[in-house]
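Throughout, residue positions are numbered sequentially from 1 according to the sequence presented. No hydrogens, no waters, no symmetry mates; every other heavy atom, side chains included, goes into these values.
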Amino acid sequence: MNRLSLPVFVLLLFASSPLRGDDITIPVIKDGEAQIIKELEDSDYWIRHDLWVETEFDLDGDGKLDRMHVSVTRPTQTDTQSLKLPVVYNSSPYFAGTTGGDDTYFWDARQELGDEPPKRSAAPEIDREGLRPIISKRHIKDWLPRGFVVVHSSAPGTGLSQGCPTVGDDPEALAPKAVIDWLCGRGKGFTEPFGGEPVEAYWSSGKVGMTGTSYNGTIPLAAATTGVEGLEVIIPVAPNTSYYHYYRSNGLVRHPGGYLGEDIDILYDFIHSGGTEETKAYCDCHVRDEQMMANQDRATGDYNDFWYTRDYLNRVDGVKAAVLMAHAFNDWNVVPEHSIRIYEALRKNGVQTQLFMHQGGHGGPPPISMMNRWFTHYLFGEDNGVENDKKSWIVREGDERTNPTGYPDYPHPWAKDVVVYPVAGAPQRGGLQLSQVEEPSEETLVDNFSFSGEALAQAEFTEHRLVYTTPKLSEAVHLSGTPRIKLRMACDRPAANLSVWLVSLPWNTNKHSKITDNIITRGWADPQNIDSMRESKPLVPGQFYDVEFDLQPDDQVIAKGQQIGLMIFSSDRDYTLHPTPGTELTIDLQQTQLSLPIVGGTMQFAPEN
């Protein structure tokens, strides 16, 4: 099929698809939500076209401003009735394909701490997917029949978008900003990637909402940090809000769950589906090799300016759009702190924001009715009171994701820190009590990445972890907030991984157990970074250090009769690097404590039998 300029394409569409019915009114709103309009449901009567939007950057070094590939799906009535409609916009680096499940080019996690990593294999070429004019069909059936235009774009350096993937740097915010500027009549759109006829978004009302999951949820937040006019509302689902927090934890090299050995340069390779042979080589050299591989630092895991620019918390003051954050407390890919930290900052800045959290794993958008209320209010201007809804929506254990419970805020306003202290018991299980131990007490564990965290938590007897448990709970305990561990430790080597899990015991081994039954939350840290996240200092073997850090935020009800367990170990097989086993960590129990944010501020234990 020959490439057609937009006006010719639209004329041919109308000639082959006669219009039907009378004029319609958009939107139709009931109970504060935009309703499906029968005349908009038939996809045969949708207009589909694509274009390229010009940005303000040239990443691929060809001397021309990069253009982003954009596709539009809209009702025919935007032409026949000259309707101007709001836009639901979704951008992604994944639309044109990725390297898939091939992890042979990942970094080898079998690495000594502090050493430079061994070289990795080259990533496979991406077989680019997709045909014009459709980039993606996501979200169209949800929103177009309700009276919205749906727009998609491929991120820089992916698909038919020009430039390079920079993974979290400025262009990933400026690219969607350019598309929004075009949707609001300020930017330049063209029918072709080079040259071409101008294209105008005459059908846009100038009000834009964004949504997406994971990387696709990061991009709405990135766009919002620019303060671009016309972006009224975003609904990021499981967004990666800091690439340092994605690939590191408190100075420690930590991999996202399920992707052992991944790092930011691996993600670059995973998505780099765009460009010519020449521009790909340019991007690989100047972005991946000179910026990412030179600055990501897999030897120390320290924070630096490279990571600073890829942390949206540092840009959150620019956000003007209303924000409905969505995440899961048991997401160990993009851990829950990514959304909690942004939610807290937005709330502090006075931005209209609410939080939806569920108990599952990675992904999971809010109920469609909740998203509808937000889009209807901020894009159609319907006074449905959404800004007065509960600030926090938590899906309780065992409930469907479509049935969240509303709370005044997150953490729960009634949550107070309850401090518990460990009591010796290694190599079996020690205790966890409300009073500090009176006598000096030390216990030692031996690092061995061969054992998974799950296996260590269930072991009755092992030298490879320390576990301390409360007595059985005499009533259910509602945790809401961020637990914090403070411990005094010594190591027999200059470097060590430090991993901490909170678990619910006894461990439920039933194949139908819920995701909340066993692991409550987790955290990781590098003891070499206790003074500075930007500079590691080798440990003096045998010297004790005070290490204090947050675990991942949580909101969970621990059932009556369970025991809360604190597990301290070194290398976490599924998340950290794998140094040679044998490192010994000694914990001073008298100077170790765990703070638990508990609704009501008390814990009661059943008497021991």
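Between atom CD of residue E172 and atom OG1 of residue T218 there is a gap of 8.0 Å, rounded to the nearest 0.5 Å.
Residues D555 and H412 bring no donor and acceptor atom of their side chains to less than 3.5 Å of each other. A donor-acceptor pair shorter than 3.5 Å cannot be found between the side chains of Y312 and N240. Checking T158 against Y94 by side-chain atom types alone, no donor-acceptor pair falls below 3.5 Å. Side chains of S392 and D409: no donor on one and acceptor on the other come within 3.5 Å. N372 and T376 share a donor-acceptor pair across their side chains, judged by distance under 3.5 Å alone. Neither side chain, N529 nor N250, offers a donor N or O lying under 3.5 Å from an acceptor on the other. Side chains of R315 and T225: a donor-acceptor N/O pair is absent below 3.5 angstrom, by distance only.
With respect to R373 and D389, a salt bridge is recorded, a charged nitrogen being found less than 4.0 Å from a carboxylate O. For the pair R522 and D574, the salt-bridge criterion is not met [side-chain N within less than 4.0 Å of a carboxylate O]. Ion pairing of R248 with D263 is present here, as a side-chain N (NZ or NE/NH1/NH2) and a carboxylate O approach within less than 4.0 Å. K188 has no carboxylate O lying under 4.0 Å from a charged side-chain N of D181, or vice versa, which leaves the two without a salt bridge. Between R254 and D526 there is no salt bridge, since no side-chain nitrogen of the basic residue lies less than 4.0 Å from a carboxylate oxygen of the acidic one.
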>> R341 vs D550, test: salt bridge (charged side-chain N to carboxylate O under 4.0 Å, His left out). Steps then yes/no.
In response: CA-CA 12 Å; R341 62 204 292 272; D550 288 341; over 6 Å; no
>> Y259 vs H255, test: ring pair (Phe, Tyr, Trp, His ring centres under 6.0 Å). Steps then yes/no.
In response: CA-CA 6 Å; Y259 299 93; H255 308 106; over 10 Å; no
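Residue E229 places its CD atom among 12 or fewer non-hydrogen atoms of other residues, nucleotides or ligands, all under 6.0 Å distant. Around atom CZ of F306, more than 12 heavy atoms belonging to other residues, nucleotides or ligands sit under 6.0 Å away.
Relative ring orientation between Y246 and Y243 is described as perpendicular, the plane-to-plane angle rising above 60° on a 0-90° scale split at 30° and 60°. The aromatic rings of H338 and H245 lie perpendicular to each other, with more than 60° between the two planes, well past the 30° mark.
A side-chain contact (heavy atoms from CB on, under 4.5 Å) with L502 is found for one member of I519, T521, I485 and no other, namely T521.
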